[in-house]
Amino acid sequence: MREGRRERHRAALGLSLALSGAIVFSSYVPAGAYLRTVEGSGSERIEWIRFPPAQLEWWIFEEVNRERARRHRPPLVWDALLAEIARQHSQDMAARRFFGHITPEGVDVEARLRRHGIGRYRSAAENLALNFDLIYPVGTTIHQWMMSPGHKRNLLGPFRYTGVGVALAPSGAYYITQIFLDR
């Protein structure tokens, strides 16, 4: 009897959280995801699903290429060095709690590229996102970029290479950096 009431309570809590923009998972966790336990009201503990940053990086890359294909643009090629540069910038923003293309010291994407030995290229661009979406962070990020003329121009631009870097802040926010490059 008590177990049935607990299950009904958990289902009601899950439904109310889902309707408010969050999802509670009791026993199912998608491959590659992990649970993050947070304190609920009273003595309840709620488990939120979190996706690993590396998985989100790849999903964002794939979704950007889908957007490009829908608009008859050639696919971007994954570049591991660009991904590492993007990841380092995302980690820096998450650790130091700033959000911007330029660090507090004045370092921009071109300086970050040069620091890693990339000095010769035709064009480079960078998209950033700060995302709190627990349900579908990839879709939210791509939608935000497509709604912004500058970000959309980068996403669909005449670039050949890209790298995506994601960092998860202690607050639960995803810091996302995507670098575009044409050599």
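Count residues from 1 along the sequence. Since the structure is predicted, the reported quantities are computational estimates derived from the model, not experimental observations.
A distance of 11.5 Å separates CD in E84 from CG in D79, rounded to the nearest 0.5 Å. Here the CG atom belonging to L128 is positioned 11.0 Å from the OH atom belonging to Y175, to the nearest 0.5 angstrom. I176 CD1 to H89 NE2: the interatomic distance, rounded to the nearest 0.5 Å, is 12.5 Å. Once rounded to the nearest 0.5 Å, the distance linking CD of E67 with CG of L76 reads 12.0 Å. Residue I179 holds its CD1 atom at 5.5 Å from CG of L113, rounded to the nearest 0.5 Å. Separation of atoms NE2 (H143) and OG (S148) is listed at 11.0 Å; rounding is to 0.5 Å.
Applying the salt bridge (charged side-chain N to carboxylate O under 4.0 Å, His left out) rule to pairs touching residues 154-170 yields nothing, sequence neighbours excluded.
Remark: H101 NE2 is packed, more than 12 non-hydrogen atoms of other residues, nucleotides or ligands lying under 6.0 Å away. In R183, the CZ atom is crowded: over 12 heavy atoms of neighbouring residues, nucleotides or ligands sit closer than 6.0 Å. The number of heavy atoms from other shown groups lying within 6.0 Å of CZ (R96) is above 12. Within 6.0 Å of CZ in R66 there are more than 12 heavy atoms belonging to other residues, nucleotides or ligands.
Counting heavy atoms from C-beta on, the side chains of D182 and Y121 never come closer than 4.5 Å. Side-chain contact between P52 and Q55: present, with at least one pair of heavy atoms (C-beta onward) separated by less than 4.5 Å. Side-chain contact between R115 and V107 is present, with heavy atoms from C-beta onward closer than 4.5 Å. Here the side chains of R73 and P158 are in contact, with some heavy-atom distance below 4.5 Å. Put simply, the side chain of Y161 reaches to within 4.5 Å of the side chain of L82, judged on heavy atoms. At a threshold of 4.5 Å between non-hydrogen side-chain atoms, the residues V164 and R87 do not count as touching. Two residues are said to be in side-chain contact when any heavy atoms from C-beta on lie closer than 4.5 Å; T141 and L56 fail this criterion.
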List the steps, then state whether salt bridge (charged side-chain N to carboxylate O under 4.0 Å, His left out) holds for E63 with R70.
CA-CA 11 Å; E63 191 59 33; R70 285 185 196 109; 3.8 Å; yes
Does N131 form a side-chain hydrogen bond (donor to acceptor under 3.5 Å, both in side chains) with T140? I'd like the steps, not just the answer.
CA-CA 8 Å; N131 193 315; T140 300; 4.7 Å; no
Might you work through the side-chain contact (heavy atoms from CB on, under 4.5 Å) test for T103 and D108, ending with a clear yes or no?
CA-CA 7 Å; T103 68; D108 63 7; over 6 Å; no
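Remark: the E62 side chain and the W58 side chain contain an N/O donor-acceptor pair separated by less than 3.5 Å. For the residue pair T177/E126, the side-chain donor-acceptor check at 3.5 Å is not satisfied.
Under the 4.5 Å side-chain heavy-atom criterion for ILVMFWY residues, a single connected hydrophobic cluster contains both V166 and W78. Tracing side-chain contacts under 4.5 Å through hydrophobic residues (I, L, V, M, F, W, Y), one reaches F61 starting from L156; they form part of the same cluster. Residue F99 is grouped with residue F132 when hydrophobic side chains (ILVMFWY) are merged at heavy-atom distances under 4.5 angstrom, including chains of intermediate members. Both Y174 and V64 belong to a single network of hydrophobic side chains, linked directly or stepwise wherever heavy atoms of I, L, V, M, F, W or Y lie under 4.5 Å apart. Note: the hydrophobic cluster containing F159 also contains M146 (ILVMFWY, side chain heavy atoms under 4.5 Å, direct or indirect links).
Within the 6.0 Å centre-distance limit, the rings of W59 and F51 are counted as a close aromatic pair.
S123 meets the side chain to side chain donor-acceptor pair (under 3.5 Å) test with no other residue; sequence neighbours excluded. Every residue meeting the side chain to side chain donor-acceptor pair (under 3.5 Å) condition with H116, not counting sequence neighbours, appears here in chain and number order: Q88.
Using a 30° and 60° split on the angle between ring planes, W145 and H151 fall in the parallel class, below 30°.
Across every non-hydrogen atom of A94 and A167, the tightest pair is CB-CB, 4.1 Å.
Without hydrogens or angle criteria, R68 side chain to P74 main chain gives a donor-acceptor distance under 3.5 Å.
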